[in-house]
Amino acid sequence: MQADLTDDELDELADLLDATPAPLAPLDLLMLDGYLAGVLVQPRLVPTEEWLPPVFDTEGRPLPDDADPAWRSRCTALIERRKAALNAGIGEFGGFDPLVADVDRLPPASEYEPALPDASRALLPWVAGFQWAQDCFPGLEE
């Protein structure tokens with residue numbers, strides 16, 4: 001199976017995503033995980049040049065040309081490794097362990113949010129990322 005990211009590499013990737021140049025609005029690590037799964041289940045193979053840009057900005061803006069090449073390279077390498085590990089898990093075992101929020105570390109729910117069980121709160125960022133993939137690639141045909 002493809003070597004998945006270690007905990008340290010996941011932390012590093014989270015920090016790299018947080019360092020995406022402003023004013024871009026990147027996915028966070030948990031949303032990225034759902035997004036990658038959503039890309040993998042598309043009805044056709046989505047090329048990297050199509051699925052990677054929406055990771056770095058939810059409004060469709062491209063990375064600036066002057067973005068640090070070392071940052072871009074490392075971030076992309078970690079993202080592609082996580083995607084490959086998810087793909088291997090799906091192909092070899094029929095599933096994978098998604099990255100989910102630690103509900104004990106989440107801020108308290110707002111009084112304006114619907115009350116959700118802890119399991120739903122833990123999965124919400126992952127599901128949002130999966131939905132983002134569906135929004136980015138609607139109606140893909142083979």
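Please read these numbers as outputs of a predicted model, since none were measured by experiment.
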In residues 25-38, what donor-acceptor pairs under 3.5 Å come from side-chain atoms, sequence neighbours left out?
residue : atom : partner : partner atom : Å
D28     : OD1  : L30     : N            : 3.1
D28     : OD1  : M31     : N            : 2.8
D33     : OD1  : R82     : NE           : 2.6
D33     : OD1  : R82     : NH2          : 2.8
D33     : OD2  : R82     : NH2          : 3.2
D33     : OD2  : L99     : N            : 2.8
D33     : OD2  : W126    : NE1          : 3.1
Y35     : OH   : W51     : O            : 2.5

If I take atom [atom1] from residue [X] and atom [atom2] from residue [Y], how far apart are they, to the nearest 0.5 angstrom?
X: L16; Y: D11; atom1: CG; atom2: CG; result: 11.0 Å
X: D68; Y: C75; atom1: CG; atom2: SG; result: 11.0 Å
X: D8; Y: L13; atom1: CG; atom2: CG; result: 12.5 Å
X: L124; Y: Q131; atom1: CG; atom2: CD; result: 11.5 Å
X: E92; Y: N87; atom1: CD; atom2: CG; result: 9.0 Å

Less than 4.5 Å apart, any side-chain heavy atom of [X] and any of [Y]?
X: D57; Y: T20; value: no
X: P23; Y: E59; value: no
X: I79; Y: F56; value: yes

Using the side-chain contact (heavy atoms from CB on, under 4.5 Å) criterion, which residues pair with [X]? Sequence neighbours excluded.
X: P47; result: R44, E49, E50
X: I90; result: L40, F96
X: S73; result: none
X: P53; result: none

Carefully, step by step, assess V55 and L17 under the rule side chain to side chain contact (heavy atoms under 4.5 Å, CB included). CA-CA 9 Å; V55 167; L17 290 168; 4.0 Å; yes

Only counting residues at least two apart or in another chain, list the ones meeting salt bridge (Lys or Arg N to Asp or Glu O under 4.0 Å) with R72. none

Shared hydrophobic cluster, W71 / L5 (ILVMFWY, side-chain heavy atoms < 4.5 Å): yes

Examine L45 and V41 and state if one hydrophobic cluster contains both, with Ile, Leu, Val, Met, Phe, Trp and Tyr joined whenever side-chain heavy atoms are less than 4.5 Å apart. no

Restricting to non-hydrogen atoms, name the atom on P54 and the atom on C136 that form the minimum distance, rounded to 0.1 Å. CB-SG, 3.7 Å

For L24 versus P64, what's the shortest heavy-atom pair and its separation? CD1-CD, 3.9 Å

Whether over 12 other heavy atoms sit under 6.0 Å from D7 CG: no

